[in-house]
Asks: 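Handing you a structure now.
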Amino acid sequence: MELGAEYVDIELKVAENFVKLISGKKPESFKLIVSSHNYQTTPSSEELSGLVATIQAVGADIVKIATTAVDIVDVTRMFQVIVHCQVPMIGLVMGERGLISRLLCSKFGGYLTFGTLDSGKESAPGQPTISDLLNVYNIRQIGEDTKVYGIIGKPVGHSKGPILHNAAFKSVGFNAVYVPLLVDDLENFLNAYSSPDFAGFSCTIPHKEAALRCCDEVDPIAKAIGAVNTIVKRASDGKLIGYNTDYVGAISAIEDGLRGLRGGKDEIGSPLAGKIFVVIGAGGAGKALAYGAKAKGAKVVIANRTFERAKELANLMGAQALTLAELENFHPENGMILANTTSIGMQPNVNQTPVSKQALRWYSLVFDAVYTPKVTTLLREAQESGATVVSGLEMFIRQAMGQFELFTNLPAPEKLLRDILA
Ligand code: NAP
Ligand code: DHK
């Protein structure tokens, strides 16, 4: 092998022979990386530390260990080993659950990370693109004092949160990074990442109700809704405070849609007052909208696939409960409002819709919480039926603005957020 190269990366199992081969011939500028790959799991901290010592003993200039995340909490063991390693170390955890080992390596002292030139051309599972590393996560600005925020969910790869919040943090000079967090068990995750470095989270499917139970304190509105979509770790005592910004995001967007419908007349009170407001769904988002509509004086109706959950939420809200089949023939009056808060129609199932086009003619405004795609089949068919439509993107921007202000105590850069998602 020509030793002109600056670095050579060689697997541990052949390294000893290689080191013998180059002994006495190694130029000063030449660095030897000795690596170990585990494509099944991430060993214990003790085993990882032992592996570091073995690699060092072989004569590595740089230690490289790549393991595989079975759960996102596995990454904490790699971070601990990197922080305590006495020589330069590349520590990466492969797979989607290990993504933050790649994004946060410079925060925890990792020697380097890898990015793929294009999606679909990863050289190892879970590798982000170089463009995302540089332009979404601003990786060159991440240091040991950078605070970490992120979107907790399962799935979480579809979220536009990282694009929005990282651009917003950068625009106001807030030293933080917002990352995707594929979480299986919320309590385990919050316990493993209890360090003040992890300062706040957005929560999406299926963790919003669990998030309420995991918080030390919950905002009264979020408690009434029964769902938390925002967790802030209080700097003074590390306690987890839960909020719900979905509620204001969606309701304010729908009210503005109705005001547009009425020529933007300045009205006293909410345009929702007295209207029939049908919520499809009874999960975190469904609870937020049902609570918000009720608080604005609407007559709330809940339709849900699991009828028991529809009845449970309806009883809480003093509302009517329907099955999805009953929804098809529900039209006590014209000019009702429909809000889909199920994940029906969300990528990749974009042809699905929660209610037939036929049934949409009774509604004057239709809202869809799903925002990937921007125009869902439900919104397209509602528009074709003559209804005003309000996209989940409008809710997403407004709930993200609320979160940004909770994370930073700074006003959200609304125009930037809208330009990014335009
Ligand atoms: P969640 O708590 O898991 O609730 C999901 C709801 O969807 C439940 O009522 C569930 O019914 C229903 N559902 C799921 N799959 C269904 C199917 N195939 N057929 C019929 N009903 C189905 O989730 P969430 O947090 O409320 O979020 C729900 C959706 O809203 C997601 O697409 C999310 O991305 C979106 N969302 C968007 C924003 C935004 O800012 N635009 C904010 C919040 C949520 P069961 O009770 O029968 O399971
Ligand atoms: C979606 C939601 O459900 C919001 O409540 C979160 C998340 C953001 C997302 O980024 O997809 O705050």
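Numbering starts at 1 and runs along the sequence shown.
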Asks: Decide if atom CD of Glu187 counts as having more than 12 heavy atoms of other residues, nucleotides or ligands within a radius under 6.0 Å.
Replies: no
Asks: Looking at Lys296, I want to see if its NZ is surrounded by more than 12 non-hydrogen atoms of other residues, nucleotides or ligands under 6.0 Å.
Replies: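 No, because the 6.0 Å sphere around NZ of Lys296 holds 12 heavy atoms or fewer from other groups.
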Asks: Give a yes or no answer on whether the side chain of Asn244 reaches the backbone of Ala227 with a donor-acceptor pair at less than 3.5 Å.
Replies: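 Here the side-chain-to-backbone pair exists.
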Asks: Between Thr113 (side chain only) and Arg102 (backbone N and O only), is there a donor and an acceptor less than 3.5 Å apart?
Replies: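 Checked: pair present.
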Asks: Can you name the nearest heavy-atom pair linking Asp61 to Phe30, along with the distance?
Replies: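 Minimum heavy-atom contact is OD2-O, 3.9 Å.
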Asks: Main chain of Ile344, side chain of Thr342: is a donor-acceptor contact present, judged purely on distance under 3.5 Å?
Replies: yes
Asks: Walk me through whether Lys154 and Asp185 qualify under salt bridge (charged side-chain N to carboxylate O under 4.0 Å, His left out).
Replies: CA-CA 10 Å; Lys154 184 181 172 185; Asp185 181 293; over 6 Å; no
Asks: Do Thr377 and Gln352 have side chains that approach each other closer than 4.5 Å (heavy atoms only, starting at C-beta)?
Replies: no
Asks: Quick check: do Leu338 and Phe367 have side-chain heavy atoms less than 4.5 Å from each other?
Replies: no
Asks: Suppose we call two aromatic rings close when their centres sit under 6.0 Å apart. Are Tyr149 and Phe169 close by that rule?
Replies: yes
Asks: Looking at Glu405 and Ala412, would you say the former's side chain and the latter's main chain have a donor-acceptor pair under 3.5 Å?
Replies: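 Yes, the answer is positive, given that a donor and an acceptor are paired below the 3.5 Å cut-off.
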Asks: Taking it one step at a time, do Val350 and Thr376 satisfy side chain to side chain contact (heavy atoms under 4.5 Å, CB included)?
Replies: CA-CA 7 Å; Val350 295; Thr376 56; over 6 Å; no
Asks: Test salt bridge (charged side-chain N to carboxylate O under 4.0 Å, His left out) on Lys239 and Glu217 and set out the steps.
Replies: CA-CA 8 Å; Lys239 289 208 180 291; Glu217 296 171 22; over 6 Å; no
Asks: Treating Ser356 as the side-chain partner and Ala359 as the backbone partner, does any N or O pair qualify as donor plus acceptor under 3.5 Å?
Replies: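 Yes, Ser356 side chain to Ala359 backbone: donor-acceptor pair under 3.5 Å.
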Asks: Have Thr68 and Gln40 got a donor and an acceptor in their side chains that come within less than 3.5 Å?
Replies: no
Asks: Is the shortest side-chain heavy-atom distance between Leu164 and Arg418 below 4.5 Å?
Replies: no
Asks: Should Val300 and Tyr291 count as side-chain neighbours, where that means a heavy-atom distance under 4.5 Å?
Replies: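 A side-chain contact is absent here, since even the closest heavy-atom pair is not under 4.5 Å.
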Asks: One pair to check against side chain to side chain contact (heavy atoms under 4.5 Å, CB included): Ser44 and Glu47. What are the steps and the verdict?
Replies: CA-CA 5 Å; Ser44 68; Glu47 288 168 298; 2.9 Å; yes
Asks: Would you please test Ile337 and Val278 for side chain to side chain contact (heavy atoms under 4.5 Å, CB included) and show each step?
Replies: CA-CA 6 Å; Ile337 293 154; Val278 178; over 6 Å; no
Asks: When you measure from the side chain of Thr146 to the backbone of Gly143, do you find a donor-acceptor pair of N or O atoms at a distance under 3.5 Å?
Replies: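 Yes: the side chain of Thr146 pairs with the backbone of Gly143.
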Asks: Determine whether a donor-acceptor pair (N or O, by modelled atom type, separation under 3.5 Å) exists between the side chain of Arg380 and the backbone of Val375.
Replies: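 A pair under 3.5 Å: no.
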Asks: Hey, mind stepping through Glu16 and Lys20 against salt bridge (charged side-chain N to carboxylate O under 4.0 Å, His left out) and telling me if it holds?
Replies: CA-CA 6 Å; Glu16 277 178 323; Lys20 284 183 192 133; 5.9 Å; no
Asks: Taking the basic N atoms (NZ, or NE/NH1/NH2) and the acidic carboxylate oxygens, is any pair closer than 4.0 Å for Asp246 and Lys287?
Replies: no
Asks: If every non-hydrogen atom of Leu365 is compared with every non-hydrogen atom of Val390, which pair is closest and at what distance?
Replies: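 Scanning both residues, the minimum pair turns out to be CD1-CG2, 3.9 Å.
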Asks: Rounded to the nearest 0.5 Å, how far apart are OG of Ser391 and CG of Leu421?
Replies: 9.5 Å
Asks: Would you call Arg97 and Asp71 a salt bridge, using N to O less than 4.0 angstrom?
Replies: no
Asks: Leu379 versus Val370: any side-chain heavy-atom pair under 4.5 Å?
Replies: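 A side-chain contact is absent here, since even the closest heavy-atom pair is not under 4.5 Å.
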Asks: Please walk me through it: do Val81 and Phe79 pass side chain to side chain contact (heavy atoms under 4.5 Å, CB included)?
Replies: CA-CA 6 Å; Val81 168; Phe79 285 153; over 6 Å; no
Asks: Quick one: which residue pairs count as a ring-ring contact (aromatic ring centres under 6.0 Å, His included) with a foot in residues 177-200, not counting sequence neighbours?
Replies: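 ring-ring contact (aromatic ring centres under 6.0 Å, His included) check on residues 177-200 returns His165-Tyr178, Phe189-Tyr193, Phe189-Phe201, Tyr193-Phe198.
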Asks: Taking all atoms of both residues into account, what is the closest heavy-atom pair of Leu190 and Cys214, and its distance?
Replies: CD1-CB, 3.6 Å
Asks: Okay, side chain of His37, backbone of Glu11: is any donor-acceptor separation there less than 3.5 Å?
Replies: no
Asks: Quiz question: by atom type and distance under 3.5 Å, do the side chains of Gln347 and His158 form a donor-acceptor pair?
Replies: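 Note: Gln347 and His158 side chains miss the donor-acceptor criterion.
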Asks: Checking the side chain of Thr129 only, and the main-chain atoms of Leu117 only, is there a donor and an acceptor separated by less than 3.5 Å?
Replies: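 A pair under 3.5 Å: no.
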Asks: Please examine the side chains of Ile62 and Ile90, heavy atoms only from C-beta on, and report whether any two atoms are closer than 4.5 Å.
Replies: yes
Asks: Looking at Ser36, Pro88, Ser35, which hits side chain to side chain contact (heavy atoms under 4.5 Å, CB included) with Lys64?
Replies: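 It is Ser35; the other options fail the test.
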Asks: Quick one: closest heavy-atom pair of Val87 and Val63, and the distance?
Replies: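 Nearest heavy atoms, Val87 then Val63: CG2-CG2, 3.6 Å.
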Asks: If we ignore angles and hydrogens, is there a donor and acceptor under 3.5 Å between the side chains of Gln127 and Thr116?
Replies: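 No, no side-chain donor-acceptor contact under 3.5 Å.
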Asks: Do the side chains of Asp145 and Asn175 get nearer than 4.5 Å, heavy atoms only?
Replies: yes
Asks: Side chains of Glu255 and Ser252: any donor to acceptor distance under 3.5 Å?
Replies: no
Asks: Could you give me the CA-CA distance, side-chain angles and deciding distance for Glu209 and Arg213, then say whether salt bridge (charged side-chain N to carboxylate O under 4.0 Å, His left out) is met?
Replies: CA-CA 7 Å; Glu209 286 137 342; Arg213 294 192 294 274; over 6 Å; no
Asks: If you measure from CD1 on Ile225 to OH on Tyr243, what distance do you get to the nearest 0.5 Å?
Replies: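 Separation between the atoms: 14.0 Å.
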Asks: Just verifying a value: how many Å separate Cys203 SG and Ile151 CD1, rounded to the nearest 0.5 Å?
Replies: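 Spacing of SG (Cys203) from CD1 (Ile151) equals 7.0 Å.
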Asks: Is it the case that the side chains of Thr67 and Thr42 hold a donor-acceptor pair, with the cut-off being a distance below 3.5 Å and no angle test?
Replies: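 The criterion, which ignores hydrogens and geometry beyond distance, is satisfied for Thr67 and Thr42.
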Asks: On a heavy-atom basis, which atom in Ile231 and which in Phe407 lie closest, and how many Å separate them?
Replies: O-CE2, 3.9 Å
Asks: Could you pull out the closest heavy-atom pair between Asn304 and Gly281, with the gap in Å?
Replies: OD1-CA, 3.3 Å
Asks: Taking C-beta and beyond as the side chain, do Ser364 and Met336 meet within less than 4.5 Å on heavy atoms?
Replies: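 A side-chain contact is absent here, since even the closest heavy-atom pair is not under 4.5 Å.
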Asks: Does a side-chain N-to-carboxylate-O contact under 4.0 Å join Lys233 and Asp216?
Replies: no
Asks: Could you tell me whether Glu312 and Arg309 make a salt bridge, using a distance below 4.0 angstrom between a side-chain N and a carboxylate O?
Replies: no
Asks: Can we say Lys223 and Asp219 salt-bridge, meaning some charged N sits less than 4.0 Å from an Asp/Glu carboxylate O?
Replies: no
Asks: Name the one of Leu134, Val136, Leu133 that satisfies side chain to side chain contact (heavy atoms under 4.5 Å, CB included) with Pro128?
Replies: Leu133
